[in-house]
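Have a look at the structure below before the remarks.
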Amino acid sequence: MSESVHVVVMAAGLGTRMRSSKAKVLHEAGGLTMAELIVRQALRLVAPQHIRVIVGHQAEEVQRVLSPYGVQFALQAQQMGTGHAVLCTREFLEHQPGQLLIINGDCPLLRAETLQALLEAASPAEVAGAILTTVLDDATGYGRIVRDDRDALLAIVEEKSANPKQKQIREINTGIYCFRAATFWPALAQVRPDNPAREYYLTDVVGILHREGRTLLPSVVADPREVLGVNNRVELAAADAILRERTVTALMLHGVTIEKPSTVTVDADVQVEADTVIEAFAQLRGKTRIGAECRIGAGALLRNVVLADGCQVQPYCVLEDTAVGQSSRIGPFARLRGGNQLGAHVHVGNFVELKKTTMADGAKANHLAYLGDSAIGANTNVGAGTITCNYDGQHKHHTQIGDGCFIGSNSTLVAPLTVGANSYVAAGSVITHEVPSNALAFGRARQAVKEDGAELVRRKAASKDG
Ligand code: UD1
Ligand code: CA
């Protein structure tokens, strides 16, 4: 790139039409905030120290969300319009030569390729800049592009200021601009809030530059969907759907089978390897990473989960912050809360809940169990209905079960507790003391049997009736 480029992202507005207490750019589409979506595209063009984000509404939260990206900020304490917003960056950028790429913070579908095309359109030394425009069937709400009969840009007219003839123009301002810095800053200083909204419109710069005899070129985007501005939650949902479609399409082209892709929700940073199958209505969220040849069942929800190759998560499981070793089988209807670490060939069956639990290779808990704050050894089998009593009302305690154990069904394991390797716990036991290795532990009342007792009971009942 011959000229230096500075990017300005406008992200200070509340976004009244969202009807939210949250600043507009903090709303998410495709699994990322709108602020991050724009910054990520800008980072494909310039270094983070060349990106300046204008913050205002919930400035601290916007800065927190963007802090991992290393970008710069400028504060617009009071929101007096897009022209005023850019003025808030003047102290940092006025003396920077080159091109100034200004982006509305509410166009989450924008791609770096399109920004690159805009930079190129604005690159001839004799032009003052270029404006990204597009043509809509219904242009209501957008600033309209007014051209003269030789197609030069005369002005951008906002909806509120447009006359009936201008309202019929279908070419609109996308809110994405590239200006040559040297001519831009003096023009911006001339903008006045003389419009029905009493705001400083950045778009007025276009008319000012034209009157000064400068040339601005339009750069038309072919697919208007890419520059969809999000002003309300209906538009947010539309943007979300398009971003998610992009994500699942990329996964399918990468070798992942997705059944009924429009029903599947995959966040932007999720990775899935080839030959994995994702069934309908599955949701893969956060930083989830799935290996090759896995199967994610219908309706399963995985958030920040790492699955090694060959795992099966059967329908309707909910997994969070959990790592699973290769060829393991989870579900259906299992719930893995945070902090679990499962080895290879582990089975976790229906209605099993895990929390902060490790299960070594080959361990199994196939039905109806709660294992919390526990470590289960390799090849140990945890029977149906087993409960770790990890909470005494005040503190959480740990349960340690060695390798090769057999925990009988409906056992109650009162923590803190250790069960040594290769031990048996009899079904229905309440275990409160350490079980050494190779032991058999009973913790239940002894069964008594009375021969012919049933007949005795029946006779007693009959005599009462009579
Ligand atoms: C703006 C354009 C309009 C264009 C449309 C494209 C102006 C005057 N109008 O209108 O021509 O068709 O975008 O989507 O620019 N912001 C601030 N500080 C402010 C005001 C806004 O940072 O004082 C930020 C907002 O957070 C938002 C962006 O600027 O990210 C655009 O503001 P918005 O109010 O949505 O502008 P539109 O009315 O959509
Ligand atoms: Ca907007």
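Every number for a ligand or one of its atoms is a count from 1 in the order of the listing.
Ligand 1 has no N or O atom lying under 3.5 Å from any N or O atom of V25, backbone or side chain. Ligand 1 has an N or O atom lying under 3.5 Å from an N or O atom of E158, backbone or side chain. Residue T203 has no nitrogen or oxygen atom sitting less than 3.5 Å from a nitrogen or oxygen atom of ligand 1, judged on distance alone. Ligand 1 has a nitrogen or oxygen under 3.5 angstrom from a nitrogen or oxygen of G81. Considering backbone and side-chain atoms alike, A12 places an N or O below 3.5 Å from some N or O of ligand 1.
Contact annotation for A85 and ligand 1: only side-chain heavy atoms (C-beta onward) come within less than 4.0 Å of the ligand. Contacts with ligand 1 closer than 4.0 Å are made by no heavy atom of E199, backbone or side chain. Counting heavy atoms under 4.0 Å from ligand 1, residue C107 does not touch it at all.
Less than 4.0 angstrom separates some heavy atom of G143 from each of these atoms of ligand 1: 3 (C), 4 (C), 11 (O), 12 (O). Those atoms of ligand 1 that come under 4.0 Å of a heavy atom in A11, given as number and element, are 22 (O), 26 (O). Interface of K24 with ligand 1, defined as ligand atoms under 4.0 Å from a residue heavy atom, comprises 35 (O). Under a 4.0 Å criterion applied to the non-hydrogen atoms of G105, ligand 1 contributes the atoms 30 (O). Less than 4.0 angstrom separates some heavy atom of Y201 from each of these atoms of ligand 1: 8 (C). The distance from ligand 1 to the heavy atoms of M80 drops below 4.0 Å at these ligand atoms: 23 (O).
Residues L119 and L45 meet the side-chain proximity criterion, which asks for heavy atoms closer than 4.5 Å. A 4.5 Å side-chain heavy-atom check between I51 and V46 finds at least one atom pair inside the cut-off. At least one side-chain heavy atom of R40 sits under 4.5 Å from a side-chain heavy atom of Y69.
Taking the ring pair (Phe, Tyr, Trp, His ring centres under 6.0 Å) definition, one finds that H345 meets it with nothing, sequence neighbours left out. Applying the side chain to side chain donor-acceptor pair (under 3.5 Å) rule to K160 yields no partners; only residues at least two apart in sequence or on another chain are considered. Judged as a salt bridge (charged side-chain N to carboxylate O under 4.0 Å, His left out), and not counting sequence neighbours, R211 has no contacts.
Ligand 1 does not have M18 within reach: every non-hydrogen atom of the residue lies 4.0 Å or more from it. Proximity of Q76 to ligand 1 is established by a heavy-atom distance of less than 4.0 Å. Using a 4.0 Å cutoff on heavy atoms, I172 does not count as a contact of ligand 1.
Other residues, nucleotides and ligands contribute only 12 or fewer heavy atoms inside 6.0 Å of the CZ atom of R289.
For the Ca ion (ligand 2), the count of nearby protein N, O or S atoms, meaning those under 3.0 Å away, is 2.
Screening V8, T89, L188 for a side-chain contact (heavy atoms from CB on, under 4.5 Å) involving L100 leaves a single residue, V8.
Regarding atom 27 (C) of ligand 1, its nearest protein heavy-atom neighbour is M10 O, 3.9 Å. Given atom 35 (O) of ligand 1, the protein heavy atom at minimum distance is D106 OD2, 3.1 Å. Looking at atom 39 (O) of ligand 1, its nearest protein heavy atom turns out to be N231 OD1, 3.7 Å. Looking from atom 4 (C) of ligand 1 to the surrounding protein, the closest heavy atom is N173 O, 3.2 Å. In terms of protein heavy-atom proximity, atom 38 (O) of ligand 1 is closest to R17 NH2, 3.5 Å. When only non-hydrogen protein atoms are considered, atom 16 (N) of ligand 1 lies nearest to G13 N, 3.9 Å. Looking from atom 21 (C) of ligand 1 to the surrounding protein, the closest heavy atom is T82 CG2, 3.8 Å.
Of the candidates T174, V157, N104, V86, it is N104 that places a heavy atom closest to atom 1 (C) of ligand 1.
Distances from atom 23 (O) of ligand 1 to the protein include at least one heavy-atom value under 4.0 Å.
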